[in-house]
Amino acid sequence: MARRRKLYEGKAKVLYEGPEPGTIIQYFKDDATAFNNKKQGVITGKGVLNNRISEFLMTRLTEIGIPTHFVRRLNMREQLVREVEIIPVEVVIRNIAAGSIAKRFNLEEGTPLPRSIVEFYYKSDELNDPMIAEEHITAFGWAMPQDIDDMMALSLRVNDFLTGLLLGVGLRLVDFKLEFGRYYTEDSVQIVLADEISPDNCRLWDIETNEKMDKDRFRRDLGRVEEAYQEVARRLGVLPEAGPMDLKGPKAMQ
Ligand code: TMP
């Protein structure tokens, strides 16, 4: 294959120029980080599994009319997406207290929240993703009030839909993080769901045992990290047939 231009390398993915203008290839790495890069490691097969899990969830969301950047999966570790201008705001939706909200308000992990709570964080590694209010988003020009309304409404629809879908496979959607982008066409601009939806950016607990089936296993050194990602993929019916050997997949081209 011809060498292609690397546009950006993040902590879990590499973005390459796509085959046509306006497209990008997302390559999913096995690298895992936590606590803003302070903890680093490798979750073998994670890239292959997240590529499939995100493909599956984005496709289901497209089917119910949620606009996303996803076009199609290309191979084990890559998917084609539409080029969007990423809004530098991480939208976190929470159903059950866990992680930072449990700490901040001294709630016991696992306490159901009175209703789903949407939070915003400024996407900046340098600043350690500080929590922000709508005021900051509009005052600093990261997005317009209408964009925020769109992101909120889409996030809540995604939450409702994914909560049900995951419940169907025995997983509780505790919380998750979404990113959005502006998709420009000739005569319009639309807010679309971007990035990925995977156990890297969701908290998923087994409905029966409350066992953590997501990146918290890596963050908190709980062990059986690979197995948790595989189990999520298996329950969603997207585990590659060939099993763990297959999960090594091809390497990123430099
Ligand atoms: P938190 O409880 O640490 O704030 O995380 C809330 C959710 O957001 C959880 O599902 C993990 C996800 N998340 C990310 O995807 N990226 C991040 O950088 C952080 C801090 C959380």
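Every number for a ligand or one of its atoms is a count from 1 in the order of the listing.
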Worksheet item: Under 4.0 Å from any heavy atom of Phe176, which atoms of ligand 1 are there?
Response: 10 (O)
Worksheet item: Nearest to atom 5 (O) of ligand 1, what protein heavy atom do you find, and at what distance?
Response: Arg203 NH1, 3.5 Å
Worksheet item: Do we see a donor-acceptor contact under 3.5 Å between the side chains of Tyr229 and Asp200?
Response: yes
Worksheet entry | Shortest protein contact, atom 12 (C) of ligand 1 (heavy atom only) | Lys177 CB, 3.8 Å
Worksheet item: Which atoms of ligand 1 have any heavy atom of Ala98 under 4.0 Å away?
Response: 2 (O)
Discussion item. Any carboxylate oxygen within less than 4.0 angstrom of a Lys/Arg side-chain nitrogen, looking at Arg224 and Glu226?
Written reply: no
Worksheet item: Would you call the rings of Phe140 and Trp142 parallel, tilted or perpendicular if under 30° counts as parallel and over 60° as perpendicular?
Response: tilted
Practice prompt. Return a yes/no value: protein heavy atom under 4.0 Å from atom 20 (C) of ligand 1?
Written response: no
Practice prompt. Please determine if Arg219 has a nitrogen or oxygen closer than 3.5 Å to a nitrogen or oxygen of ligand 1.
Written response: no
Worksheet entry | Contact bool for atom 14 (C) of ligand 1 (protein heavy atom, d < 4.0 Å) | yes
Fill in: Residue and atom name of the nearest protein heavy atom (relative to atom 18 (O) of ligand 1), distance in Å to one decimal
Asp129 OD2, 3.7 Å
Worksheet item: Does a side chain donor of either Asp150 or Gln146 reach within less than 3.5 Å of an acceptor in the other side chain?
Response: yes
Discussion item. Please tell me whether Glu126 and Ser124 have a donor and an acceptor in their side chains that are separated by less than 3.5 angstrom.
Written reply: no
Worksheet item: Going by the order shown, which atoms of ligand 1 are within less than 4.0 Å of some heavy atom of Gly99?
Response: 2 (O)
Discussion item. Show me the pairs that pass salt bridge (Lys or Arg N to Asp or Glu O under 4.0 Å) and involve residues 102-113, at least two apart or across chains.
Written reply: Arg104-Glu119, Glu109-Lys212, Glu109-Arg220
Response to the item:
protein heavy-atom neighbour closest to atom 17 (C) of ligand 1 works out as Glu90 OE1, 4.2 Å
Item to complete: Write out the residue and atom name of the closest protein heavy atom to atom 4 (O) of ligand 1, then the distance separating them to 0.1 Å.
Response: Ser100 OG, 2.6 Å
Worksheet item: Side chain of Lys215, backbone of Thr33: donor and acceptor closer than 3.5 Å?
Response: yes
Discussion item. Strictly below 4.0 Å, N to O, side chains only: are Asp147 and Arg182 in salt-bridge contact?
Written reply: yes
Practice prompt. Give the residue and atom name of whichever protein heavy atom lies nearest to atom 9 (C) of ligand 1, and the separation in Å to one decimal.
Written response: Asp175 OD1, 3.2 Å
Worksheet item: What pairs with Asp175 under salt bridge (charged side-chain N to carboxylate O under 4.0 Å, His left out), at least two apart in sequence or on another chain?
Response: Arg94, Arg203
Practice prompt. Using a strict cut-off of 4.0 Å, indicate which atoms of ligand 1 neighbour a heavy atom of Val92.
Written response: 6 (C), 8 (O)
Worksheet item: So if you build clusters from Ile, Leu, Val, Met, Phe, Trp, Tyr with side-chain heavy-atom gaps below 4.5 Å, do Phe120 and Met144 land together?
Response: no
Worksheet item: So, does Ala102 sit close enough to ligand 1 that a heavy atom of it is under 4.0 Å from the ligand?
Response: no
Discussion item. Yes or no: does Arg94 have any heavy atom under 4.0 Å from an atom of ligand 1?
Written reply: yes
